[in-house]
Amino acid sequence: MTSAAQASNDDLARYCAEETEKFYRKLLSDSQYCLELFRRALVDELSEALTYVYRIYERQTLVWVQRHGRFDKTGESPEYFALLALNNFYFALRGEQFHRFPSLSHLLSYLKTCVNTAIVQYLRDQKPQQTLPLSPLHASDPDPQLTEAHIGEVWARICELVPDANEQLLARCAFLLDMKPRHIVAAYPQRWSSVREVSVALYAIRQTLRHDKVLRALLGPGDLADEVNG
Amino acid sequence: MQCSQPPAITDNQLSAALDGEAGLDVLDHLAGCTSCAARYAEARTLEATLKRHLHRFGCPPTEEIADFHWGLLDADAAAAVVQHLPICPRCSAELAELRYFLTDDQAEQPQLQRGAALHRPSPRSIQARVLPSQQAVALRGAAVEPTIAEAEGHTIVLQLRKEGDHGMALVGQLLANPTELWQVALVEVRQEGIVQHVAALDQFGGFKCYLPSQQPVDLRFSAKGKPDILISSLSLPATGG
């Protein structure tokens with residue numbers, strides 16, 4: 001075989017595909033061709049090389065998606081995440097970043113990382129569902145979207161109302177991370193030894209937040225203010 | 001409003017109910033008492049509102065946690081993640097999940113997967129609408145009207161040309177609005193599920209590739225952090241020769 005640096009893009013892709021098949025069959029394989037193909041795709045930004053990368057590695061990426069422990073929770077097709085991962089791999093490693101991955105195995109591990117990121121971030125973006133308004137008067141009110149800065153103000157207010165470090169951590173676990181008391185105890189056994197202890201502490205926090213007019217105003221008008229004012 | 005089945009549910013019991021820890025007696029009471037049920041609904045509204053707005057506030061994106069694992073973050077960003085992890089079981093779990101996923105490195109012959117479902121509609125993608133031909137704008141030098149598609153303020157112009165020995169050349173341009181959000185973008189072209197071309201768009205949002213046939217094409221335009229723009233099963237008339 002020609003050396004990787006001297007091979008044409010077509011030959012390089014063919015050699016890469018052959019060596020990849022050897023790898024899957026647990027035979028001795030040479031990674032130089034695939035590494036050079038990635039280099040041409042990500043550093044030289046040759047579209048022909050990038051096309052071959054997608055063709056050769058899409059199958060493996062799909063397998064990784066399907067083997068991810070939380071893929072089934074997404075309801076999306078594996079192709080969606082495979083292509084998202086390949087795209088994000090390109091965006092992350094194009095140019096100088098490529099040189100931070102000295103071997104093919106490192107590159108493929110990062111591609112696999114991109115699969116994990118695609119799925120986990122997708123699931124993370126599924127926010128808790130809106131509660132239906134209690135009052136028919138507000139049935140048509142849209143769910144107010146708060147800006148990042150506004151959300152920061154809400155959290156800052158909660159921290160003011162709950163200055164104790166342990167209680168702030170509890171508020172974070174309950175409201176930001178939507179964790180149940182038993183999961184909070186499991187995560188922080190040195191701080192809380194029982195579900196009861198967490199529940200009692202959460203009760204006190206909820207009472208404090210419920211009666212704070214500043215917090216209610218920050219959360220917006222509508223059904224929340226009317227209901228809490230009661 | 002008075003409790004119809006005194007004694008009324010205490011605030012402590014309501015708090016436990018919010019955590020899914022209420023006893024059957026509390027649940028039965030809530031089912032039968034309008035007054036206490038209203039109090040519970042009020043508490044639940046506040047709880048739901050807080051969780052909805054504060055969801056993962058302050059957590060670094062999953063990609064940042066991954067880059068932390070790979071040592072790709074600068075010192076300040078890495079320090080921020082180090083500070084965050086002890087107070088965030090979810091991010092800590094994500095880091096552990098990534099490390100576990102990466103340790104599963106068994107070589108496995110991938111089962112052949114075709115891109116047949118590539119263009120299944122996803123909430124994360126925008127299906128472009130191909131405009132009727134009379135609304136098309138002629139490209140300079142083109143003998144046949146190009147095909148125009150529109151997707152939420154973005155315009156895609158496409159033309160298929162016969163170029164002698166090279167075969168069929170697909171020329172296109174994404175006119176994004178605003179342009180700067182799509183400055184680093186990829187276009188992916190498939191025919192019958194096979195990747196024919198993947199490339200970065202040029203500075204004008206343009207691309208050119210050669211296709212083996214005049215089969216319908218599926219196109220996808222991707223920019224980081226943006227919904228993909230899809231054009232599915234597009235048959236293009238060929239011009240030139």
Side-chain angles (χ1 to χ4, degrees), chain A residues 23-26 45 47 50-51 54-55 58-60 62-63 67-68 76-77 79-80 83 87-88 90-91 100 109-110 112-113 116-117 120-121 124 127-128 130-131 134 146 151 154-155 169 172-173 175-181 187 195 199 202-203 206-207 209-210 219 223-224 227-228 230, chain B residues 11-12 15-16 18-21 41-58 61-63 66 69-70 72 87-90 94 97-98 101-102 104 107-113 115 117-118 120 122 124 184 186 188 194-200 209 220 222 224:
Chain A
F23 176 79
Y24 290 135
R25 282 185 260 125
K26 295 179 167 46
E45 300 208 54
S47 62
L50 187 59
T51 302
Y54 272 59
R55 280 189 194 165
E58 186 181 23
R59 289 192 312 172
Q60 177 62 75
L62 279 165
V63 169
R67 283 167 53 181
H68 192 281
E76 290 280 358
S77 70
E79 288 82 2
Y80 170 79
L83 294 172
N87 287 351
N88 287 340
Y90 167 82
F91 292 132
R100 301 184 77 162
S109 279
Y110 192 79
K112 195 175 183 185
T113 299
N116 180 78
T117 298
V120 172
Q121 186 66 56
R124 203 206 268 200
K127 289 193 174 184
Q130 177 186 0
T131 305
L134 305 166
L146 303 185
I151 295 170
V154 171
W155 177 240
L169 178 59
R172 172 182 290 277
C173 287
F175 303 125
L176 278 64
L177 305 181
D178 195 18
M179 293 174 68
K180 296 291 183 207
V195 168
S199 292
L202 271 177
Y203 159 71
R206 283 171 173 139
Q207 287 297 94
L209 300 187
R210 181 167 162 253
L219 288 170
D223 58 313
L224 176 63
E227 295 299 336
V228 174
Chain B
D11 286 341
N12 204 353
S15 182
L18 287 173
D19 291 325
E21 306 285 345
E42 167 204 332
R44 201 177 57 177
T45 297
L46 173 61
E47 188 87 359
T49 301
L50 285 172
K51 287 181 178 179
R52 190 169 66 249
H53 290 308
L54 292 171
H55 178 67
R56 302 300 293 268
F57 175 71
T62 308
E63 185 178 6
H69 167 77
W70 283 99
L72 299 178
I87 60 167
C88 187
R90 295 253 188 242
E94 284 184 12
E97 180 180 31
L98 168 64
F101 186 57
L102 291 178
D104 179 18
E108 184 177 306
Q109 179 79 19
Q111 294 302 311
L112 184 61
Q113 299 279 354
L118 165 66
R120 184 187 308 174
S122 160
R124 304 300 178 96
V184 180
L186 287 172
E188 180 188 304
I194 307 291
V195 176
Q196 299 298 344
H197 180 72
V198 181
C209 67
R220 186 169 80 148
S222 307
K224 194 163 170 62

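Letters A, B, ... mirror the listed sequences (proteins, then strands); counts begin at 1.
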* To do: Decide side chain to side chain contact (heavy atoms under 4.5 Å, CB included) for A:F175 and B:E47; before the verdict, give the C-alpha distance in whole Å, the side-chain angles of both, and the deciding distance to 0.1 Å.
  => CA-CA 7 Å; A:F175 303 125; B:E47 188 87 359; 3.4 Å; yes
* Contact leader toward chain A among B:A66, B:G58, B:P89, B:A199, where contacts are heavy-atom pairs under 4.5 Å -> B:P89
* Side-chain donor or acceptor of B:H55 paired with backbone N/O of A:R124 under 3.5 Å -> yes
* Student check: side-chain heavy atoms of A:N88 and B:E63 closer than 4.5 Å -> no
* **Validation row: B:L54, A:R172 side chains within 4.5 angstrom (heavy atoms)** => no
* To do: Using a strict 4.0 Å threshold on nitrogen-to-oxygen distance, state whether B:E42 and A:R210 make a salt bridge.
  => yes
* Structure fact -> Nearest heavy-atom contact between B:A200 and A:E45 is CB-OE1, 4.4 Å
* Asked: Given the options A:L202, A:L50, A:L177, which has more heavy-atom pairs under 4.5 Å with chain B than any of the others?
  -> A:L177
* Structure fact -> Rounding to 0.5 Å, atoms CG (A:N116) and CG (B:L98) come to a distance of 5.0 Å
* Asked: Shortest non-hydrogen contact from B:F57 to A:I151?
  -> CD1-CG2, 3.6 Å
* **Smallest separation among heavy atoms of A:T51 and B:V195, with atom names** => CG2-CG1, 3.9 Å
* To do: Please report the shortest heavy-atom distance between A:K112 and B:F101, naming the atom on each side.
  => NZ-O, 2.9 Å
* Asked: Which answer fits A:F91, side chain, backbone, both or neither, if we ask what part of it has an atom under 4.5 Å from a heavy atom of chain B?
  -> side chain
* Highest number of heavy-atom pairs under 4.5 Å with chain B: which of A:L176, A:T117, A:T113, A:V154? -> A:L176
* 4.5 Å side-chain heavy-atom contact, B:W70 and A:S109 -> yes
* To do: Could you pull out the closest heavy-atom pair between B:I87 and A:L169, with the gap in Å?
  => O-CD1, 3.7 Å
* Asked: Which bit of B:C209 comes within less than 4.5 Å of chain A, counting heavy atoms only: side chain, backbone, both or neither?
  -> neither
* **A:K180 side chain vs B:G20 backbone, donor-acceptor pair below 3.5 Å** => no
* Rounded distance (nearest 0.5 Å) linking atom CD of B:E188 with atom CG of A:N87 -> 6.5 Å
* Close side-chain approach of B:E94 and A:Q121, heavy atoms under 4.5 Å -> no
* Asked: Which heavy atom in B:S15 sits nearest to a heavy atom in A:S199, and how many Å separate them?
  -> OG-O, 4.2 Å
* **Residue A:Y110 versus chain B: region with a heavy atom under 4.5 Å** => both
* To do: Applying side-chain contact (heavy atoms from CB on, under 4.5 Å) between A:R206 and each of B:D11, B:L50, B:D19, report the one that passes.
  => B:D19
* Hey, are the side chains of B:L186 and A:Y54 touching, using non-hydrogen atoms and a 4.5 Å cut-off? -> yes
* **4.5 Å side-chain heavy-atom contact, A:V195 and B:E21** => yes
